[in-house]
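For reference, the structure discussed in these notes is given below.
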Amino acid sequence: MSAPLSFQKMILTLHDYWSDRGCVILQPYDMRMGAGTFHPATTLRALGPEPWNAAFVQPSRRPTDGRYGENPNRLQHYYQYQVILKPSPPDLQELYLGSLAAIGIDFTQHDIRFVEDDWESPTLGAWGLGWEVWCDGMEVTQFTYFQQMGGYDCKPVAGELTYGLERLAMYIQDKDSVYDLAFNDAGVTYGDVFLENERQMSKWNFEVADTDALFDLFKKAAAECENALANDVPIAAYEQAIEASHVFNLLNARGVISVAERQAYIGRVRDLAKASCAKFIETQTPQWQAKYPGWVA
Amino acid sequence: MTDFLLELRSEEIPARMQARAREDLQKLFAGELGKAGIAAGRITTYATPRRLVLIAHDLPERTEPVREEVKGPRASAPPQALEGFLRKTGLTREALTERDGVLFAVTEVPGRETAAVLAAAIPAIVRAFPWPKSMRWGAASLSPESPRWVRPLQGIVALFGSDVVPCDVAGVTSGAVTLGHRFHHPGAITIGSAADYVEKLRACHVIVDQDERAAIIAVGAKMAAQGAGLTLVEDEGLLAENAGLTEWPVPLIGRFDEAFLAVPPEVIQLTARVNQKYFVCRDGDGKLANAFVCTANIDAADGGERIVAGNAKVLAARLSDAKFFYETDLKTRLEDQLPKLEKIVFHEKLGTVADKVERVAKLARWLVESGIILPGTGRGTAGAAGGGGGLPSPETAANADTPLHHPADGPPPRAGEDMALADMAERAARLAKADLVTGMVGEFPELQGLMGGYYAAAQGERAEVAEAVRDHYKPVGQGDDVPTAPVTVAVALADKLDSIVQFFAVGLKPSGSKDPFALRRSALGVLALLLDNGIRVSLSKATAAAGATAHEDVLDFFADRLKVQQREAGVRHDLIDAVFALGGEDDLVRLLSRVHALQAFVTTEDGANLLAGYKRAANILKKEAPGTSKHIPETGEEDPLAEVEDPDFAPIVAEYARTEREKRDYDREPAEAALITALDAAEPQAAAAIAAEDFAGAMAALASLRAPIDAFFTDVTVNDADPHKRTARLSLLARVRDAVHRVADFSKIEG
């Protein structure tokens with residue numbers, strides 16, 4: 001077996017693989033978000049009848065997962081590799097396994113399993129059925145057939161693959177700590193790139209962030225979302241929903257949201273996201289119907 | 001006769017759904033055959049992660065033709081009648097057949113090719129399949145009416161004999177081609193017929209039979225453990241789950257760092273089981289070993305070395321998380337966690353968990369201070385109950401010089417002991433819920449109680465307190481251990497009584513199949529705690545202490561649960577009713593020992609005959625002296641027998657009966673005199689035995705009546721011409737009934 005892929009080679013390999021299979025290779029969305037699924041290329045593009053195939057890396061921020069750089073497996077900032085294929089192709093599982101083979105996983109030596117794991121995002125009003133994909137007992141990918149997004153049935157259904165890049169790399173490179181990963185082939189490690197970032201951001205997330213300012217940000221994002229909705233620019237509205245969602249996560253990490261309030265905040269974010277989806281459908285339906293007569297949301 | 005093979009191949013079916021899916025497939029298939037008039041012969045079903053299979057044996061080639069005749073009006077009937085009949089049948093006059101002046105509509109349904117029936121049945125089955133959750137997929141899902149399956153359907157093999165049954169379902173066309181193991185044999189396989197299906201797939205690394213896969217895992221895992229000098233901890237649920245996750249199962253043993261054994265073994269087992277679906281092992285001393293058995297789905301080229309290494313790494317990551325939680329939790333004392341409980345809502349109508357803790361702590365203390373739970377509670381009952389499952393037998397309870405259980409109104413034990421116990425019960429109750437806010441229970445909610453027990457012990461609580469914190473949720477179901485330690489029993493009882501009484505008080509009682517707060521389980525838990533430990537308490541007193549407002553409801557609820565629980569334990573329902581019918585008994589231990597003694601008694605020959613004698617006496621009384629209550633012992637009560645149970649009335653009744661006897665004295669017939677003598681002897685014996693709660697003794701006393709009653713009925717005419725004699729004899733029969741009713745209302749006993 002040749003030398004294992006570095007972290008960036010692995011990403012480049014996945015880009016090549018999915019590019020060769022007709023995907024648009026996007027760059028990360030320039031906003032803070034908790035998962036690749038929030039990327040408008042996933043959420044908004046899952047709506048409507050038009051085919052859409054895209055792949056991209058999305059930095060994902062989970063403030064409560066920060067461990068000040070001290071836990072070898074947990075990070076408050078990490079990367080997800082997202083592939084979205086709409087409609088879901090009939091050979092999606094084979095395509096996916098092909099991508100694992102491309103990054104160096106040998107199916108004669110490793111045990112790949114599709115283990116039931118249904119996906120649900122209350123904040124996006126979305127759910128789907130699928131699996132977590134295990135490689136030798138480790139979850140390396142979330143594999144989902146979206147059934148609903150923003151409270152709307154997906155017509156057609158999109159297949160979504162979310163690879164946990166750090167986990168896969170740790171696996172391929174046989175490393176026990178994420179910080180020991182070879183980021184490139186020139187001696188730079190993941191720790192060289194991100195360790196200090198994890199230390200400082202964990203401290204900010206948990207201890208420093210000005211909670212009054214955050215509460216204010218939340219309110220402003222929500223208000224701006226409403227403003228954008230009122231003016232029929234749902235993509236801008238959705239950006240503010242993403243913003244509100246992340247600010248809520250920060251407030252949560254600061255421990256200033258009580259259990260009772262928590263539900264109310266989640267409900268607020270969900271309403272913003274759903275309203276953005278609804279407005280997106282509303283504004284796009286005429287052009288969708290032009291190409292797909294009879295299609296209704 | 002021909003066999004039919006159906007394979008519905010899909011992307012991975014969740015393991016937990018496979019067994020039910022086989023049943024549903026069989027049911028739906030049999031239903032489709034039934035509709036076509038084909039009797040379903042032997043049907044076999046299989047499930048793997050990727051296929052759902054049915055083989056139906058010995059189907060006919062064609063269905064039987066069916067001739068149906070519907071009788072219509074007479075040929076001579078008015079035209080309106082004919083028109084109505086034609087409308088109903090949809091036929092014309094010419095199509096009707098006339099026989100003996102009556103018109104008939106005859107429809108002939110010719111026999112159909114079975115293959116055609118099957119071709120129609122397959123899509124119908126797929127459409128009707130009741131998956132717990134199903135999905136749409138692919139290009140077809142542009143339409144909301146697109147087909148649904150548990151995961152995308154990939155292929156259909158449908159062979160009747162060796163012929164393909166042509167059909168098209170969800171965009172998939174049936175054929176004879178399937179796929180083997182995803183990695184060992186990814187190419188196409190052509191199936192010849194039902195007969196070669198299983199073996200062809202086996203050759204392609206797919207074991208179709210789920211039971212065979214489970215057996216392979218069971219044996220392989222056991223041998224892997226043995227090979228390492230360990231014993232596998234068997235687990236049926238894990239077996240089935242792993243069999244549902246693999247088509248070619250290969251159990252492999254691996255090791256984890258011994259340092260993780262510092263974490264409680266239950267945590268390790270749960271992490272391994274729930275998150276990773278691994279078996280765990282024990283060493284020679286029965287302690288959890290640092291080993292796990294995972295089940296791979298391939299025969300790896302390197303013998304599984306890399307697979308084991310990968311799995312070991314994942315487990316290590318999980319265990320280090322668990323270890324982190326455990327060590328973090330240990331840094332905070334349980335009482336310091338309590339303020340957090342004020343923020344957790346127990347139920348919107350019942351306040352926070354902190355409120356519940358307060359109530360349970362008071363109730364637990366009350367149970368001890370009022371002498372219901374004593375230092376001796378639970379100890380030694382296992383022996384008396386013959387292994388812990390049943391009741392302490394009345395003989396033991398009655399004959400022992402030192403009673404096992406203090407009666408509720410008995411002398412209180414020494415104050416020091418009592419105080420300590422009450423303090424411990426309250427302390428344990430106050431700490432019992434603290435682990436709900438620990439990191440470990442947050443991660444593994446099923447470890448509630450257990451972790452609290454560990455943390456309590458670690459912070460130096462008395463062993464009794466730590467044990468009570470650990471076990472206070474028990475018993476959580478039939479077959480679960482029932483706590484016996486007094487402190488644990490106090491907290492466990494208080495916790496459950498509180499839930500039941502409080503939810504009832506705000507009108508949230510179980511109804512029908514709805515029991516969202518598991519109150520039925522709580523009630524069964526209370527019953528088990530009381531009965532297994534022989535705890536003597538008036539249930540209404542205890543529920544009052546728990547704050548009951550809906551007394552009747554709560555007691556009826558317990559009575560119902562008792563019947564359910566005892567039915568499962570093989571106690572006759574009618575016997576429980578017979579004892580309940582005496583009324584006023586809410587000490588369940590006493591009630592059940594009476595029932596048990598009764599059940600033992602009525603199955604003996606003496607018991608059966610006494611019951612027959614009783615019924616005969618009761619019938620005669622009903623028939624000959626419907627007014628018995630008015631003029632046999634005239635107590636002024638509606639039911640003269642009502643007073644018999646009242647100890648205050650006993651001497652009066654006895655005196656009255658004696659004077660009655662003297663007043664009505666006449667030359668008794670020998671059998672009559674013998675019965676009186678027997679009653680004179682048996683009544684005080686039975687009464688004494690009942691007072692001592694020796695119900696078997698009371699039954700034995702009653703048994704002595706059997707021969708005299710039989711003789712009485714054989715030799716004596718009750719309905720004598722002499723009214724004096726008749727009254728005396730009826731009165732004697734009433735006495736027999738009385739005596740029997742001291743033990744139970746025999747009229748409720750069946751048979």
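Sequence lines set the chain letters: A, B, ... in the order given, protein chains first and strands last, and positions in each chain run from 1. Everything numeric here is computed off the predicted structure, so don't read it as measured data.
- Only the side chain of A/Glu94 comes within contact range of chain B, with heavy atoms under 4.5 Å apart.
- With a 4.5 angstrom heavy-atom cutoff, B/Ser134 touches chain A only via backbone atoms.
- Counting heavy-atom pairs closer than 4.5 Å to chain B, the top-ranked of the candidates A/Asn71, A/Val296, A/Leu97 is A/Leu97.
- Nearest heavy-atom pair across B/Arg306 and A/Asp136 is O-OD2, 3.6 Å.
- In this structure the side chain of A/Trp127 never reaches within 4.5 angstrom of the side chain of B/Lys133, judged on heavy atoms.
- Proximity to chain B is limited to the backbone of A/Pro90, based on heavy atoms less than 4.5 angstrom apart.
- In this structure, A/Trp131 contributes its side chain and B/Glu12 its backbone to a donor-acceptor pair below 3.5 Å.
- For A/Asn73, the part sitting under 4.5 Å from any heavy atom of chain B is the side chain, from C-beta outward, and nothing else.
- A heavy-atom distance below 4.5 Å is found between the side chains of B/Thr246 and A/Arg113.
- Contact record, A/Phe114 with B/Leu245: O-CD2, 4.2 Å, taken as the closest heavy-atom pair.
- For A/His110 against B/Ile307, the heavy-atom pair with the smallest separation is CA-CG1, 4.1 Å.
- Contact between B/Asn311 and A/Gly137 at its shortest, heavy atoms only, is OD1-CA, 3.1 Å.
- Judged by distance alone, the side chain of A/Gln147 and the main-chain N or O of B/Arg136 form a donor-acceptor pair under 3.5 Å.
- In this structure, the portion of A/Tyr292 lying under 4.5 Å from any heavy atom of chain B is its side chain and not its backbone.
- Under a 3.5 Å cut-off, the side chain of A/Ser88 and the backbone N or O of B/Gly138 do form a donor-acceptor pair.
- Looking at B/Val250, there are no atoms closer than 4.5 Å to chain A (heavy atoms on both sides), in backbone or side chain.
- Residue contact with chain A, scored on non-hydrogen atoms closer than 4.5 Å, is absent for B/Glu305.
- The shortest side-chain heavy-atom distance between B/Arg182 and A/Ile112 does not fall under the 4.5 Å cut-off.
- With chain B as partner, the option from A/Gly159, A/Cys135, A/Pro49, A/Gly130 having the largest number of non-hydrogen pairs under 4.5 angstrom is A/Gly130.
- Nearest approach of B/Ile298 to A/Asp111, heavy atoms of both residues: N-OD1, 4.2 Å.
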Practice task
Dump the intermediate steps for salt bridge (charged side-chain N to carboxylate O under 4.0 Å, His left out) on B/Arg151 and A/Asp117, then the final yes or no.
Solution key: CA-CA 12 Å; B/Arg151 292 293 184 275; A/Asp117 190 29; over 6 Å; no
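- Rounding to the nearest 0.5 angstrom, the gap separating the NZ atom in B/Lys313 from the CG atom in A/Asp174 is 4.0 Å.
- Counting non-hydrogen atoms of neighbouring residues, nucleotides and ligands closer than 6.0 angstrom, the CD atom of A/Glu207 exceeds 12 such neighbours.
- When A/Leu92, A/Asp153, A/Asp176 are compared by the number of non-hydrogen pairs under 4.5 Å with chain B, A/Asp176 comes out ahead.
- If you tally non-hydrogen atom pairs under 4.5 Å between each of B/Val314, B/Val308, B/Val150, B/Asp299 and chain A, the highest count goes to B/Val314.
- Residues A/Arg74 and B/Asp321 are in side-chain contact: their nearest non-hydrogen atoms beyond the backbone lie under 4.5 Å apart.
- A 4.5 Å side-chain heavy-atom check between A/Val115 and B/Lys277 finds at least one atom pair inside the cut-off.
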